[in-house]
Amino acid sequence: MRSTTRTLGADATLPLLIQGGMGVAVSNHRLARAVAMTGHLGVVSGTAIDLVLVRRLQDGDPDGEMRNAMAQFPVPAIAEQVLQRYFLPDGRRERPYRSISMHSHRDKHVSQDLLVLAAFVEVTLAKRGHDGQIGINLLTKVQIPTVPTLFGAMLAGVDYVLMGAGIPREVPGILDRLAAMQAVETRLDVTGAAAADIIPHLRFDPNRFDVSTAPRRPAFLPIVSSQTLATVLARKANGSVEGFIVEAPTAGGHNAPPRGTPTYDAIGQPLYGERDHVDLAAMRALGLPFWLAGGRDTPERVRDAFADGATGVQVGTLFAFCRESGIAPALRRAVLDTVESGREFVLTSSRASSTGYPFKVASVPGTLSEEGVYAARTRVCDLGYLREAYSKPGGGIGYRCPGEPVDDYVAKGGDASATAGRLCLCNGLAATVGLGQVRVAGAEPGVITSGDGLGAVRTMLNDHDDYSAADVVTHLMGGARGASATNCGPHPGSSKQQSRLEKAHPRSA
Ligand SMILES: Cc1cc2nc3c(=O)[nH]c(=O)nc-3n(C[C@H](O)[C@H](O)[C@H](O)COP(=O)(O)O)c2cc1C
């Protein structure tokens with residue numbers, strides 16, 4: 001069998017293909033596991049993972065997976081408490097989900113414990129029954145849950161951490177400290193804070209968790225959109241960076257904004273130009289492995305990445321709509337039908353996400369991409385992962401989000417114009433994976449994000465109804481559908497890359 005990895009440091013190996021992290025719970029443990037079992041890197045989403053766990057428990061955890069993984073958590077009392085509070089053996093029966101408190105710098109231990117447990121569960125399930133590698137993806141912008149989520153993933157033996165949507169400069173040092181079982185303090189980002197203001201620190205002490213052996217430090221791969229950012233992270237991060245995901249603005253999810261003064265096309269999409277092209281010679285000169293992401297959806301484009309000196313590629317869109325994806329079955333079917341009929345359309349919206357980053361929204365019937373569905377939704381902010389901390393005029397710290405009810409946002413000093421066209425990504429993305437809240441007015445609508453290359457899913461369908469994660473791997477590695485995903489014909493890499501890989505892998509005969 002041809003191996004698909006080579007050695008990285010003492011204990012991790014470099015994959016050729018990374019299935020990108022896709023939140024919320026699109027890249028769940030099932031998808032990541034399916035990819036890892038083909039010998040490539042499967043990545044679970046760690047975004048809002050506490051919400052995902054408690055809602056799955058309230059849906060009755062029908063196959064018992066959550067409870068099985070919870071039983072392995074090193075602090076049984078925490079797992080027991082969460083079970084007692086949220087598990088409903090017969091499910092919710094269409095009743096609203098019981099909520100969890102929104103995160104703030106005042107988070108109590110119970111909120112941190114839930115994050116640690118939830119990340120542990122997701123990674124444990126993704127790693128079950130194989131010796132492949134699993135990563136976890138987090139958004140840098142979602143600051144408060146990050147450290148407990150990382151620790152939970154590390155307790156389950158996560159191999160890689162991948163983070164974008166911001167500059168994760170402090171994360172390498174955080175991973176070092178967690179691996180040494182040392183307490184971590186991070187400074188909360190507070191909008192409008194003056195130098196004299198007292199800024200709260202977020203504190204997490206891993207020693208509250210009674211574990212017999214310290215967890216291993218995973219490899220860290222920041223997601224960048226420019227060689228400049230990669231250079232800053234390689235030189236100025238507070239610990240080691242093991243490589244980079246270099247993401248083009250064609251990729252699904254959030255994108256980096258264009259450089260310089262923004263300009264827009266006739267439908268409001270940001271325009272990217274020459275300055276947004278990553279200088280791959282500069283990336284190679286950094287001497288660290290890198291993976292190219294965004295539209296790497298054919299064997300030819302994978303091969304091009306190798307020819308450009310990349311270690312491999314990261315792919316999201318093709319995996320997002322495969323059988324093992326976390327997207328609710330009816331929504332996934334709606335996307336596949338849209339693609340099959342050639343009617344797919346993906347908007348790069350500069351308004352949708354309250355992070356302020358461009359966010360891709362695919363047009364799918366019944367979702368927030370439709371004006372009527374968007375207008376019919378009553379604004380409510382009760383999950384709050386994307387809220388920003390701000391300095392209150394009279395002192396103290398408040399939280400606000402331009403996706404919340406307009407009057408609330410304005411009362412907190414926000415600018416009303418910032419609210420126009422914003423989606424509630426927290427509620428929308430939870431609904432996309434079948435975990436949407438039920439309101440008096442009905443169920444929360446979902447929202448589908450995808451790369452510009454959604455049409456490439458047609459190739460995967462190729463007269464079939466559906467396709468699997470292994471089919472995606474086979475396709476990208478240049479093999480025929482149905483062939484083994486781990487042994488799929490000519491390797492797409494350049495001969496130089498190939499021989500490097502083979503030299504590093506005596507296993508690969
Ligand atoms: C449905 C979906 C959700 C995504 N969510 C995230 C996310 O939560 N965090 C992240 O870093 N990237 C996210 N991405 C980006 C992917 O990890 C990956 O980098 C990207 O999809 C690669 O480009 P492609 O879509 O053209 O394959 C998402 C992509 C998709 C399609």
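For the numbers below, each heavy atom of this structure counts, side chains included, while hydrogens, waters and symmetry mates do not. Counting starts at 1 for both ligands and their atoms, in listed order. Just so it is clear, the structure is predicted and the values come from calculations on it, not from any experiment.
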Where on [X] is there a heavy atom closer than 4.0 Å to ligand 1, on the side chain, on the backbone, on both, or on neither?
X: T449; result: both
X: V43; result: neither
X: E247; result: side chain
X: D297; result: neither

Identity and separation of the nearest protein heavy atom to [atom]:
atom: atom 18 (C) of ligand 1; result: Q314 NE2, 3.5 Å
atom: atom 9 (N) of ligand 1; result: N137 OD1, 2.7 Å
atom: atom 20 (C) of ligand 1; result: A251 CB, 3.8 Å
atom: atom 28 (C) of ligand 1; result: M22 CG, 3.6 Å

Should the pair [X]-[Y] be classified as a salt bridge under the 4.0 Å nitrogen-to-oxygen rule?
X: E404; Y: R379; value: no
X: R33; Y: E324; value: no
X: R333; Y: D337; value: yes

Straight-line distance of [X] [atom1] to [Y] [atom2], nearest 0.5 Å:
X: L271; Y: T263; atom1: CG; atom2: OG1; answer: 4.5 Å
X: F321; Y: S450; atom1: CZ; atom2: OG; answer: 4.5 Å
X: L41; Y: Y160; atom1: CG; atom2: OH; answer: 6.5 Å
X: T474; Y: M460; atom1: OG1; atom2: CE; answer: 7.5 Å
X: M283; Y: D279; atom1: CE; atom2: CG; answer: 9.5 Å

The single option from R56, K127, R30 passing salt bridge (Lys or Arg N to Asp or Glu O under 4.0 Å) against E122: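 Filter result, single survivor: R56.
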May I ask you to check if ligand 1 and [X] share an N or O to N or O distance below 3.5 Å?
X: G316; answer: yes
X: V26; answer: no
X: S45; answer: no
X: T317; answer: yes

Determine whether a donor-acceptor pair (N or O, by modelled atom type, separation under 3.5 Å) exists between the side chain of [X] and the backbone of [Y].
X: D59; Y: D61; result: no
X: R422; Y: R351; result: yes
X: D113; Y: V116; result: no

Heavy-atom nearest option to atom 15 (C) of ligand 1, drawn from S325, G252, G253, G23: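 Comparing heavy atoms across S325, G252, G253, G23, the nearest one to atom 15 (C) of ligand 1 lies in G252.
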Considering only heavy atoms of [X], which atoms of ligand 1 have at least one such atom less than 4.0 Å away?
X: G294; value: 22 (C), 23 (O), 26 (O)
X: G20; value: 17 (O)
X: I223; value: 11 (O)
X: L139; value: 9 (N)

Decide whether the shortest distance between a heavy atom of [X] and an atom of ligand 1 is less than 4.0 Å.
X: G295; value: yes
X: G453; value: no
X: G21; value: yes

